[in-house]
Structure formats: structure tokens, C-alpha cells
2 protein chains.
Amino acid sequence: MDKETLEVDQWFEGLAKGNPLALDRQICFPVYVAGNSLVRAYRPLLSEIGLTYPQYLVMLILWSEEAPLSVGTIGSHLMLDSGTLTPLLKRMESAGIVERRRDQADERRVLIGLTAKGRALRKDAESIPGKLIGCSGMSPTDLHDLHQAVITLRRLFLNDAPPATAAEEEALSE
Amino acid sequence: MDKETLEVDQWFEGLAKGNPLALDRQICFPVYVAGNSLVRAYRPLLSEIGLTYPQYLVMLILWSEEAPLSVGTIGSHLMLDSGTLTPLLKRMESAGIVERRRDQADERRVLIGLTAKGRALRKDAESIPGKLIGCSGMSPTDLHDLHQAVITLRRLFLNDAPPATAAEEEALSE
DNA sequence: CAATATTATATTGCGCACAATTTGATTGTT
DNA sequence: AACAATCAAATTGTGCGCAATATAATATTG
């Protein structure tokens, strides 16, 4: 067993010790707070263009991919189900930025496409990522650290593996 | 300028290049997904003891700290306001696990205390952290990586220095 | 081809999360 | 003491996020 693995094992052993119910011992709590904080940070910027954060995510997909896309396809990207997406997409439809129509090839599906207004909105959205970084008050170093942390989250929660290092390959094969 | 700083600066320069509106370029999106995933993972475990995830967080605070605590104090720990907490605490009150009463010393405040039932619930909650790790299907290595990522999130979103690990606590008390 | 199973979306109901506002208590100022 | 300013919690209204269920279309099976 190599030194790295030993260190992880020692850390893992320590997990159950002490008071596992202390708030500052919770692994998930900072993730929960970060999730709330992020939506809060986007809100004032997105409200200027009439979007909520999950609506913005839908638009990112429609702008980047071959729209129209089915509700299910959008949901699999965002890890959201029709119970969340259907009312959200209806609000976006009544705002005039997306179209909803049954797929002729499979009447179970509903295809979501962009309207002219929805396509035009992209121009207004282009400044959002830059503005967010400005609003966040984070230094380039903070952002870099956040990005590194996010690569981990992406691997663990989105099964979106970055190219594995030799060390990780080693660990997997054992 | 040292090598580390130069690397961060180069990464920061690259941020604006390409398509900043691509979903897989979003720094915040994995945090959003992780937040949703975490609440989803806790739900079946917590429903066994009649709690939601934010209610569980309130209980963690009340179990660890000198209860009773004001709504505002709880809110500052969880970064939630009275608009979220008041109805949540009322539901917990009607479930019989907390008490709500005006602070005699300052009638603006409402103090939240544990009932006997609320204190007893702690025993049932003790197995939750361990069970969650089991349910998550994460390896010790995954958990360690997550923990490292979370230390960053805690610093950035909770302005919090990393707390001592259980192993370190152990060492200190000896 | 009919019966059954599966799939995609919609609906219902509940509990957050939060902006905006209100109500009532306390503090600060003159 | 009077009055404005501040503060703590509650209230109102909107939009998720999701479990459970319903509805309807497609696929599968006998």
C-alpha cells in the first residue's frame, strides 16, 4: 500500500471519531451553502434579462446544442425531471423565449426550441459570466481554487471524468 | 512573480476565451448539481426520522450548541433568513421536536429550543452520516477528494478556515 | 393482433429559498 | 420623554426540486 493510500485510509478512519453530528464536521453542508450562494449571486444579473438560474441553464443548452431538444434530453443534462422542467419550460414559453411542440416522430416527446427572441437573448447573456466574476469579489487565485474543487465535484456528481492521472489509474486497478 | 501565480494568471486569461456560455465551461453548474444531489441523497435517510435536509441542519446546530438559540443565530449559521426559517421552524414545532418562544430579554427575538422528543431524536440521527457514506457508493478516495474540495468551498462561501480533523482532535486531547 | 410493459411528459402536493414588505420591539438622538 | 432609526421575525408571493401519481404513446410479447 503506497503512502498516498495510507494517508486516505487514516483520514477515513478518523471520520467516524469525535462528534459526527457537529455542523462543522459535515462534508455536505458547505456544498449546500455554495449551491444556495451561487443562485443568489446569479439572481440580480439574470433578472436583468428575465431569467432564473435554472432557466439560464436551459438556455445555455439550447444555445449550444442542436435545438430543438426533448424535455428528457434537457433534463438529463441538468439532472432534473419533468416535474421540475415542465412548469419551468411553460414559464419560458409564456415569456416568449422557447417553443414547445409535440415530436411528430414520437408523440410522447415534447421538443423545446428557441424563438427569435430566445436566440436574441444570447447577446445579452454573453456578459453574464464576466459580470458574475466581478460581482463575486473573488480573486483569480480564489477562482482557480474553486475551479479545481469543481473538477472534483464534476467527477463525483456528473460522472464527468477528466483524463485520469497515472496515480488514479493505479488506484482503480487495485 | 512566482511560478504558482503565473500559472493561475494564465488559467485566468484563458477563462474568457472560446464560448463562455457552454454548459461544460460553467464553473457554478457542478456546484448546483452537487447541491441538488446531496439533498436527494439525504432524503430517504432523513425521511425515516421525519426530517428534511435543512431541518436536519437546524437539529445539528441545536444538538451541538447551547440551545435555545434565536432564529437569527440559526440563520447566520445556515445562511438562511427568517423567510425560510420561520415556516420551517413552525413545521418542526408542530412535529413536536422544537419549542418556539419569545425571548423575555428582547421581545423581538424568538428562541428555538429542543423538546424531549427533539433531544431523543439525536440517537436516531447518529447513524445518518455513516449510512449516507454507504448509500453514496463513494470510495474512501472519492470521499477524501470530496473533502478536499469542500475545504475550498468552506473557505470561499463560509469564510471558514478548515477545522481540525477528528484524528487531530484525538491527538490534541492526548 | 391483442394484451402487456415500458417510456415520456404532465399533474399534484409539499417544502424549501428568497425578495419585498409588514409588524412590533429596541436603540439612539435630541 | 418624544421621535426617528434600527433591528428581529413574520408574512406574502414566486419559482424551483422532487416524490408520487396520472395519462397517453410506443414497444414488446405471446
Side-chain angles (χ1 to χ4, degrees), chain A residues 29 32-48 50-58 68-95 98 100-112 157, chain B residues 29 31-48 50-58 68-76 78-95 98 100-112 157:
Chain A
F29 172 60
Y32 165 81
V33 172
N36 288 346
S37 300
L38 143 207
V39 174
R40 212 179 301 143
Y42 268 104
R43 194 186 309 272
L45 298 176
L46 290 174
S47 80
E48 284 180 26
L51 294 175
T52 65
Y53 185 67
Q55 289 172 10
Y56 172 66
L57 294 178
V58 169
L69 297 172
S70 72
V71 173
T73 302
I74 294 170
S76 69
H77 278 105
L78 303 183
M79 299 185 73
L80 295 172
D81 67 7
S82 70
T84 300
L85 286 175
T86 296
L88 184 152
L89 292 167
K90 282 183 174 177
R91 282 186 288 272
M92 293 173 78
E93 183 184 35
S94 62
V98 303
R100 300 168 64 246
R101 61 166 207 280
R102 287 281 160 188
D103 185 347
Q104 291 307 310
D106 183 343
E107 293 272 351
R108 287 172 304 183
R109 289 191 170 87
V110 169
L111 296 178
I112 308 299
F157 293 94
Chain B
F29 172 58
V31 178
Y32 165 80
V33 171
N36 288 347
S37 300
L38 142 208
V39 175
R40 213 178 303 144
Y42 268 103
R43 193 186 309 272
L45 299 176
L46 289 174
S47 80
E48 284 179 25
L51 294 176
T52 64
Y53 184 67
Q55 288 172 11
Y56 172 67
L57 294 178
V58 169
L69 297 171
S70 72
V71 174
T73 302
I74 294 171
S76 69
L78 302 184
M79 301 185 72
L80 296 172
D81 67 7
S82 69
T84 299
L85 286 175
T86 296
L88 184 152
L89 292 167
K90 283 183 174 176
R91 283 187 287 272
M92 293 173 78
E93 182 184 35
S94 62
V98 302
R100 289 163 13 95
R101 63 166 204 282
R102 287 278 161 189
D103 185 347
Q104 291 306 311
D106 183 343
E107 293 272 351
R108 288 173 303 182
R109 289 193 170 86
V110 168
L111 296 179
I112 309 299
F157 293 94

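Fair warning: this is a prediction, and the values are worked out from it, not measured in the lab. Every chain is numbered from 1 and lettered A, B, ... according to where its sequence line falls, protein lines coming before strand lines.
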Salt bridge (charged side-chain N to carboxylate O under 4.0 Å, His left out) filter on A/D106, not counting sequence neighbours, yields A/R108, A/R109
What is the first contacted nucleotide of DNA chain C and what is the last, in 5' to 3' order, if contact means an atom lying under 4.0 angstrom from a heavy atom of chain B? C/dG15 to C/dT26
Sorted by chain and residue number, the salt bridge (charged side-chain N to carboxylate O under 4.0 Å, His left out) partners of B/E48 (sequence neighbours excluded) come out as B/K131
Taking any atom closer than 4.0 angstrom to a non-hydrogen atom of chain B, what span of DNA chain D does the protein reach, first nucleotide to last? D/dC7 to D/dA19
Can you list everything that forms a salt bridge (charged side-chain N to carboxylate O under 4.0 Å, His left out) with B/E93? Sequence neighbours excluded, please. B/R100
Would you please classify the geometry between the A/Y56 ring and the A/Y42 ring as parallel, tilted or perpendicular, with 30° and 60° separating the classes? tilted
Mind checking if A/T52 touches a base, just sugar-phosphate, or nothing, with heavy atoms under 4.0 Å? sugar-phosphate
Smallest heavy-atom separation, A/V33 atom then B/L78 atom, equals CG2-O, 4.3 Å
For DNA chain C, which residues in residues 70-82 of chain A have a heavy atom at a distance below 4.0 Å? A/S70, A/V71, A/G72, A/S82
Earlier contact from the 5' end, DNA chain C, for A/T86 and A/N36: A/T86
Indicate the atoms forming the closest heavy-atom contact of B/M79 with A/S37, along with that distance. CE-OG, 4.3 Å
Rounded to the nearest 0.5 Å, how far does CZ of A/F29 lie from CG of B/L57? 6.0 Å
Identify the heavy atoms of A/L85 and A/G75 that sit nearest to each other, and give their distance. CD1-CA, 3.4 Å
Can a donor-acceptor pair be found, under 3.5 Å and without considering hydrogens, that links the side chain of A/T86 to the backbone of A/G83? no
Using heavy atoms to find the nearest nucleotide of DNA chain D for A/P54 and A/E107 separately, return the residue whose nucleotide is more 5′. A/P54
Contacts of A/G83 and A/S37 projected onto DNA chain C by closest heavy atom; the upstream (5') one is A/G83
Nearest 0.5 Å, please: how far is CZ in B/R43 from CG in B/L51? 12.5 Å
